[in-house]
Amino acid sequence: MGLIERNKNVGKWPRIVPVGDQAVAIEFGDQIEITVNRCVYTCAELLETAEIRGVLELIPSYRSLLVQYDSSVVSYADLLKTLKPLLPVDGNSARDQNPSKARLLTIPVLYGGDDAMDLDDVAERVGMSTTEVIEIHSAGTYTVYMLGFAPGFPYLGGMDPRIACPRLPTPRVRIPAGSVGIAESQTGVYPLAGPAGWRIIGRTPARLFEPSANPPVAIMPGSFVRFKPIDADEAIRIESQATEGMYRLPESVYEP
């Protein structure tokens, strides 16, 4: 049974909605959940393979896939005629399929210290010790729902609700690159230094955004992430390797 077929809203989804005069959104649900998100990436794989005439770009998000097209090459009506046969009907389609095996990336994190300015606060809010918060945060396997806010910033779902915390009432003007944060039921990593409204509990010494690389981001949507606690000495070693371009995130295969 494919992931699209397992979507509990199959009677209503997917649906195609026009977005301006040169884009449509293919919506797979109205909730942020892994089944819906995997439907988005399964569909993106199908449409990319199909190489549809006039389609310029496919942009996945939490629950929908934006299809940008050149209206001088293909009309809205003709695009719909091409798209609809590629989508499942009532959750059953010959084209419904399980997604390919996903990448699982392991991100080293130095929890605590000067760069984890909110770890104590998070622990106090959830009624745990900082050690317990670290253990819970690093025990999860997270889904990369989408990239946004800043180049390469991954919105990661699947965090244990026991350590969920609200955003800061006032965002910080600047936090270090690699900062690992929590906001509500999500977690994420800031690839670049800059403003941040999430609660910071650690920092990775790995470089997650490199403009000259192809692709320039280390974490891609549709993949999975785990966090590995490291000590200060290991952080210094990894940061040195990353600066010289010798460090790459450990990668394996994950079958969701």
Side-chain angles (χ1 to χ4, degrees), residues 1-105 142-158 185-186 188 214-225 254-256:
M1 182 184 295
L3 279 167
I4 293 177
E5 187 175 345
R6 293 203 300 270
N7 185 347
K8 60 187 177 183
N9 294 314
V10 292
K12 181 179 179 181
W13 314 100
R15 66 183 182 188
I16 302 176
V17 180
V19 181
D21 60 354
Q22 298 204 66
V24 297
I26 305 174
E27 299 181 335
F28 291 92
D30 55 7
Q31 300 177 31
I32 298 175
E33 60 180 29
I34 187 169
T35 302
V36 171
N37 191 247
R38 293 305 297 173
C39 290
V40 172
Y41 287 99
T42 298
C43 184
E45 290 178 9
L46 289 170
L47 299 190
E48 185 172 2
T49 301
E51 297 182 349
I52 301 171
R53 178 174 173 269
V55 170
L56 302 175
E57 190 170 6
L58 302 171
I59 304 174
S61 69
Y62 286 110
R63 62 178 189 88
S64 65
L65 178 66
L66 185 70
V67 181
Q68 294 184 328
Y69 66 97
D70 186 342
S71 59
S72 68
V73 175
V74 60
S75 68
Y76 171 72
D78 287 341
L79 180 66
L80 291 191
K81 289 179 183 178
T82 303
L83 289 177
K84 286 182 177 179
L86 298 174
L87 303 180
V89 179
D90 294 330
N92 297 293
S93 170
R95 294 182 181 272
D96 186 16
Q97 62 178 23
N98 288 314
S100 58
K101 294 178 180 179
R103 298 170 69 213
L104 174 62
L105 300 169
Y142 300 93
T143 304
V144 185
Y145 278 118
M146 59 180 285
L147 303 182
F149 169 69
F153 180 91
Y155 287 86
L156 306 177
S185 60
Q186 293 187 96
N214 184 24
V217 296
I219 304 172
M220 298 296 289
S223 57
F224 292 82
V225 163
Y254 181 67
E255 297 188 48

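In what follows, every heavy atom counts, from backbone to side chain, and hydrogens, waters and symmetry copies are set aside.
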*asked:* Within the 4.5 Å heavy-atom criterion, are V24 and Y69 side-chain neighbours or not?
replied: yes
*asked:* If I compare all heavy atoms of G222 with all of Y41, which pair ends up nearest, and what's the gap?
replied: N-CZ, 3.7 Å
*Under the side-chain contact (heavy atoms from CB on, under 4.5 Å) criterion, do Q68 and Q22 qualify, and how do the steps go?*
CA-CA 6 Å; Q68 294 184 328; Q22 298 204 66; over 6 Å; no
*Start with the C-alpha gap between L58 and L47, add the side-chain angles, then the distance that decides, and say whether side-chain contact (heavy atoms from CB on, under 4.5 Å) holds.*
CA-CA 8 Å; L58 302 171; L47 299 190; 3.9 Å; yes
*Just wondering, do V144 and M220 contact through their side chains at under 4.5 Å, heavy atoms?*
no
*Could you tell me which residues satisfy side chain to side chain contact (heavy atoms under 4.5 Å, CB included) with P18, sequence neighbours excluded, listed by chain and number?*
Y76
*Which residues satisfy the ring pair (Phe, Tyr, Trp, His ring centres under 6.0 Å) test with Y62, sequence neighbours excluded?*
Y145
*Residue pair P60 / V40: nearest heavy atoms and the distance that separates them*: CB-CG1, 3.6 Å
*asked:* Give me the atom names and distance for the closest heavy-atom approach of V36 to G29.
replied: CG1-N, 4.0 Å
*Nearest 0.5 Å, what's the CD1-NZ distance between I26 and K84?*
11.5 Å
*Which heavy-atom pair separates L65 from C43 by the least distance, and what is that distance?*
CD2-SG, 4.0 Å
_I52 side chain reached by T82 side chain, heavy atoms, under 4.5 Å_ = yes
*Could you give the distance from CZ (R63) to CG (N37), rounded to the nearest 0.5 Å?*
12.0 Å
*Check whether any side-chain heavy atom of L79 sits under 4.5 Å from a side-chain heavy atom of V55, and report yes or no.*
yes
_Could you walk me through whether L87 and L46 satisfy the side-chain contact (heavy atoms from CB on, under 4.5 Å) test, starting with their C-alpha distance in whole Å, then the side-chain angles of each, then the deciding distance to 0.1 Å, before giving a yes or no?_
CA-CA 9 Å; L87 303 180; L46 289 170; over 6 Å; no
*Supply the atom-to-atom distance M146 CE to S64 OG, rounded to the nearest 0.5 angstrom.*
8.5 Å
*asked:* Testing the basics here: between R53 and V74, what is the closest heavy-atom pair and its distance to 0.1 Å?
replied: O-CG1, 3.7 Å
*Where is the tightest heavy-atom contact between P85 and L80, given as atom of each residue plus distance?*
CD-O, 4.4 Å
*To the nearest 0.5 Å, how far apart are CG in D78 and OG in S71?*
12.0 Å
*Separation of F224 CZ from L105 CG (nearest 0.5 Å)*: 11.0 Å
